[in-house]
Amino acid sequence: MKYTQLGRTGLKVSRLVLGTMNFGPETSEADSHSIMDSALGAGLNFFDTANAYGWGANKGRTEEIIGSWFAKGGDRRDKTVLATKVFANMTPDDAPTWPNHDRLSAVNIRRSVDASLRRLQTDYIDIYQFHHVDRNTPFEEIWQAIDVLVQQGKILYAGSSNFAGWHIARANETARRLGSYGLVSEQCLYNLAERRAEMEVIPAAREYGLGIIPWSPLHGGLLGGVLRKEREGRAARSSSGRSADALANTAVRAQVQAYEDLLAKHGLEPGEAALAWLLTRPGVTGPIVGPRTAEQLESALRAVELELSEEVLASLEEIFPGPGPSPEAFAW
């Protein structure tokens with residue numbers, strides 16, 4: 001496994017991030033534990049989750065699965081860089097919501113971190129991430145709450161997810177004014193097929209020293225060999241959601257076919273190539289991979305060692321051109 005610094009911090013993390021969103025809803029507790037053991041055994045030390053994972057009536061279930069894995073001992077917690085998120089209302093979907101039980105108010109941050117620590121069976125969280133922007137809570141209040149948690153030893157760093165570039169700037173300028181450390185990471189939608197983050201989010205993150213953690217690196221399966229699987233009768237997961245919506249567009253379908261043809265020509269697996277491409281991008285710490293099986297984890301791990309040739313990189317740029325830098329991309 002290869003490692004890098006998380007943004008401007010001294011924290012060393014693996015170039016792949018283990019996403020745990022499937023733990024519980026798609027993957028049993030026993031299989032989830034096996035995947036985490038395999039990941040840690042391969043040197044993958046960066047695990048990402050969220051308080052709401054488990055969904056519906058089972059919100060928090062994923063954190064509980066990770067907590068029961070930590071409880072097995074064997075230095076599991078000590079070797080893991082743990083990131084979780086706060087924002088969602090944790091009330092079950094079929095129950096009435098209650099004020100101040102979601103978003104980023106100081107009271108909900110305090111309540112949520114304590115609840116996550118109980119579910120995770122740990123006394124600290126390495127990176128506490130804001131799952132979304134809270135347009136109703138000032139960053140002064142957010143940083144006051146975060147600084148208290150850092151002083152209490154409950155968290156080490158704060159990160160963002162799904163922020164716009166100007167949110168990153170505003171958050172870290174406020175932190176600077178208050179003497180707080182500010183955001184150290186941004187988790188954003190970024191992959192070959194979805195490159196809008198290159199316009200402002202990634203430049204802002206790099207300017208402020210945030211590590212970029214792309215989610216959905218295969219764009220909901222679109223970049224994982226979806227057309228080949230379709231021909232082989234293995235496209236069940238791509239029959240709905242982001243991948244299916246994209247493939248309904250004939251231009252996108254032709255683009256994906258060109259992508260798969262290119263990689264077949266060079267003997268490359270599409271999913272592994274898509275991850276390897278992200279690892280070449282400036283500012284990227286590591287993409288989040290969310291394996292449902294041990295086989296999917298093994299495929300993702302191979303991507304870390306995959307070196308894409310200049311010819312392949314140039315061809316990928318032709319098939320999936322980026323938007324260009326801001327403001328030139330939209331100014332002229």
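We use all heavy atoms of the structure for the numbers below, so side chains are in, but hydrogens, waters and symmetry mates are not.
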Item to check | ILVMFWY network linking F87 to V107, side-chain heavy atoms under 4.5 angstrom | outcome: no
Checklist entry - Is there side-chain contact between Y208 and R176, with heavy atoms separated by less than 4.5 Å? => result yes
Checklist entry - Do the side chain of T27 and the main chain of R292 share a donor and acceptor less than 3.5 angstrom apart? => result yes
Next on the checklist: Between Y259 and F320, is the ring centroid distance below 6.0 Å?
Outcome noted: yes
Next on the checklist: Ignoring hydrogens and geometry beyond distance, is a side-chain donor-acceptor pair present between S326 and E200 at under 3.5 Å?
Outcome noted: yes
Next on the checklist: When you measure from the side chain of D134 to the backbone of R103, do you find a donor-acceptor pair of N or O atoms at a distance under 3.5 Å?
Outcome noted: no
Next on the checklist: Checking the side chain of N172 only, and the main-chain atoms of L183 only, is there a donor and an acceptor separated by less than 3.5 Å?
Outcome noted: yes
Checklist entry - Do you see a donor-acceptor pair shorter than 3.5 Å between the side chains of E269 and S299? => result no
Item to check | Side-chain (R76) to main-chain (G73) donor-acceptor, under 3.5 angstrom | outcome: yes
Checklist entry - Is the shortest heavy-atom distance from the side chain of I66 to the side chain of T20 under 4.5 Å? => result yes
Item to check | Side-chain heavy atoms of L308 within contact of L268, under 4.5 Å | outcome: yes
Checklist entry - Pick one: which of K12, R77, K154, K79 meets salt bridge (charged side-chain N to carboxylate O under 4.0 Å, His left out) with D126? => result R77
